[in-house]
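Below is one structure, written out as structure tokens; comments come after it.
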There are 2 protein chains.
Amino acid sequence: MKSWQTVRAEALARIRSGAWPPGETIPREADLAEEFGCARATMNRAMQSLADEGYLDRRRKGGTRVAAMPVRKAVFEIPVIRQQVEQRRSTHAYRLVTDRLTTPPEAVCAALKFGSRMQLRRVTALHLADGKPFCVEDRWLNPAFAPPGEADFAEVSANEWLVRHVTYSTGTLAFYARPANAALVRLLKCAHGASLFAIDRTTFDAGTPITSVTLTYAPGYRMETLM
Amino acid sequence: MKSWQTVRAEALARIRSGAWPPGETIPREADLAEEFGCARATMNRAMQSLADEGYLDRRRKGGTRVAAMPVRKAVFEIPVIRQQVEQRRSTHAYRLVTDRLTTPPEAVCAALKFGSRMQLRRVTALHLADGKPFCVEDRWLNPAFAPPGEADFAEVSANEWLVRHVTYSTGTLAFYARPANAALVRLLKCAHGASLFAIDRTTFDAGTPITSVTLTYAPGYRMETLM
DNA sequence: CGTCGTATTAAGTATAGACATATTTTTGGA
DNA sequence: TCCAAAAATATGTCTATACTTAATACGACG
């Protein structure tokens with residue numbers, strides 16, 4: 001009795017080895033099930049999994065074919081900064097820099113889809129790894145969601161507070177490179193104009209704008225993953 | 001009759017709304033199936049899908065609980081550069097800069113797991129969008145895999161050639177920021193030291209080292225995705 | 001010669017029942 | 001009291017069968 005995972009692995013091996021070349025239509029589920037010695041449901045589960053990951057294109061009546069030009073997908077895990085530091089076996093420290101209500105720039109209003117230029121809570125903080133600057137957190141928060149009274153970021157970072165209070169959210173994410181400005185130079189202790197890796201993230205919870213944050217990492221930071 | 005996708009959506013709604021709070025153990029499959037009005041197999045398919053994406057933690061006998069601190073996952077699509085340019089409704093152009101056998105630096109040998117410092121094929125090229133520099137491709141190739149005779153990169157970029165010839169591969173991927181050096185300044189026509197977004201990718205096919213490439217994008221480039 | 005409806009096909013899915021497997025809990029001894 | 005063996009339990013999976021749905025092929029008809 002073969003598990004669908006086994007069947008999946010065998011099928012993937014055929015794709016990788018070229019036994020099923022890109023663009024080629026492969027036999028129908030029912031026939032493959034017989035060949036692999038399993039039920040059609042099992043075959044279906046395996047092929048569906050491969051299709052989900054972009055290895056196969058499947059169409060009703062049209063049959064299944066190996067993707068000719070698969071869109072490579074890279075999956076990055078975006079952990080909480082403290083965990084990220086601790087995973088590197090470093091000691092995490094955190095320093096709140098500013099926390100006040102301010103009128104945000106146009107770009108932030110647009111990202112959060114706030115029509116009027118209402119005042120938002122701006123929180124900036126520095127994360128350290130083994131005492132050295134690791135990452136600057138520059139955040140705009142919807143004050144209705146996280147009022148200064150309820151959410152105090154002196155000890156627990158906004159980054160972590162949010163993960164606990166708005167666990168499952170949607171939003172956008174962007175990676176880019178930016179030069180160090182005066183504020184970043186001061187916090188990260190890097191050269192002016194240094195190339196820094198940055199992440200912009202905007203978060204909504206059931207349509208309500210929650211926060212827009214820019215995380216800027218110290219020089220040399222790399223975001224890595226396997227394919 | 002509910003599809004597992006429908007059931008999945010309903011369950012996800014409960015998680016997002018907080019009806020099933022983070023850390024909480026939810027009822028067993030059999031009971032949920034009854035509540036949702038479907039068979040256990042259907043419930044299982046739905047919950048398994050949610051567990052795959054990190055929303056749930058499931059253990060035999062232990063039951064299913066909502067992930068307390070989910071690791072956020074971001075999925076990026078890594079397209080062929082030409083497609084990437086064309087998706088932005090720009091015209092893609094390509095210019096081969098160099099193509100010769102050279103001894104690679106230590107770092108490249110290490111990434112490709114080449115013991116001896118054998119000569120590799122180095123290919124550098126420039127990709128343009130609407131005539132403007134878009135991305136510099138700096139690649140080291142295993143000459144045994146892509147000999148100069150068979151693989152000519154004057155017209156078709158190595159990027160594209162490889163997608164066609166080694167479709168399903170494994171490897172590593174890293175995103176980072178780097179300053180523009182002299183070579184990049186010349187090709188991308190940017191300021192010296194400008195902050196540039198870069199991708200390192202090393203590719204293996206069934207254990208054989210294929211290629212290691214650095215893609216450096218023109219200033220202002222952002223790698224975006226939805227969560 | 002086109003085009004509209006129908007038959008056919010292959011994937012998508014649902015279900016009940018059975019068994020497998022990993023843990024936890026309980027129980028029975030030393 | 002403590003530990004090992006056994007029972008209980010929730011998820012993991014397979015199977016056979018039946019039905020649904022989307023897309024294609026094809027033939028009748030204007």
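Not measured: the values here are computed from a predicted model. Every chain is numbered from 1, with letters handed out A, B, ... down the list of sequences.
- The phosphate of dA10(D) (OP1 or OP2) has no side-chain N or O of R59(B) nearer than 4.0 angstrom.
- One side chain, D130(B) or S90(B), offers a donor N or O that lies under 3.5 Å from an acceptor on the other.
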Between F175(A) and F197(B), does the ring-ring contact (aromatic ring centres under 6.0 Å, His included) criterion hold? Intermediate values first, please.
CA-CA 8 Å; F175(A) 293 173; F197(B) 181 81; 7.2 Å; no

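- Here the P atom of nucleotide dT15(D) and the CD atom of E29(A) are 14 Å apart, to the nearest Å.
- Between the C1' atom of dA10(D) and the CG atom of L56(B) lies a distance of 14 Å, rounded to the nearest Å.
- One interatomic measurement links the two molecules: CG of D57(A) to P of dA10(C), which rounds to 18 Å at whole-angstrom precision.
- Between the side chains of R178(B) and T216(B), a donor-acceptor pair is found at a separation under 3.5 Å.
- In this entry the distance linking CZ of R40(B) with C1' of dC14(D) reads 12 Å, nearest Å.
- Taking a cutoff of 4.0 Å between a charged side-chain nitrogen and a carboxylate oxygen, E150(A) and R121(A) do not qualify as a salt bridge.
- Contacts of R45(B) with the nucleic acid, taken as non-hydrogen atoms under 4.0 Å apart, are absent.
- Applying the 4.0 Å criterion to OP1 and OP2 of dT15(C), one finds that T42(B) has a side-chain N or O inside that range.
- Ranking dA11(C), dT15(D), dT11(D) by closeness to the N44(B) side chain, first place goes to dT11(D).
- Contact of the D138(B) side chain with the T124(B) side chain is registered, since non-hydrogen atoms from C-beta on lie closer than 4.5 Å.
- Among the nucleotides dA16(D), dG12(C), dA23(D), the one closest to any side-chain atom of K61(A) is dA23(D).
- The shortest distance between the side-chain N/O atoms of Q48(B) and the OP1/OP2 oxygens of dT13(D) is below 4.0 Å.
- Comparing dA10(D), dT15(D), dG12(C) by their nearest atom to the side chain of R28(B) picks out dA10(D).
- For the pair M43(A) CE and dT15(D) P, the computed distance is 12 Å after rounding to whole Å.
- When heavy atoms are screened at a 4.0 angstrom cut-off, G63(B) is found touching the sugar-phosphate backbone but no base atom.
- For R60(B) and dA10(D), the shortest distance from a side-chain N or O to OP1 or OP2 is not below 4.0 Å.
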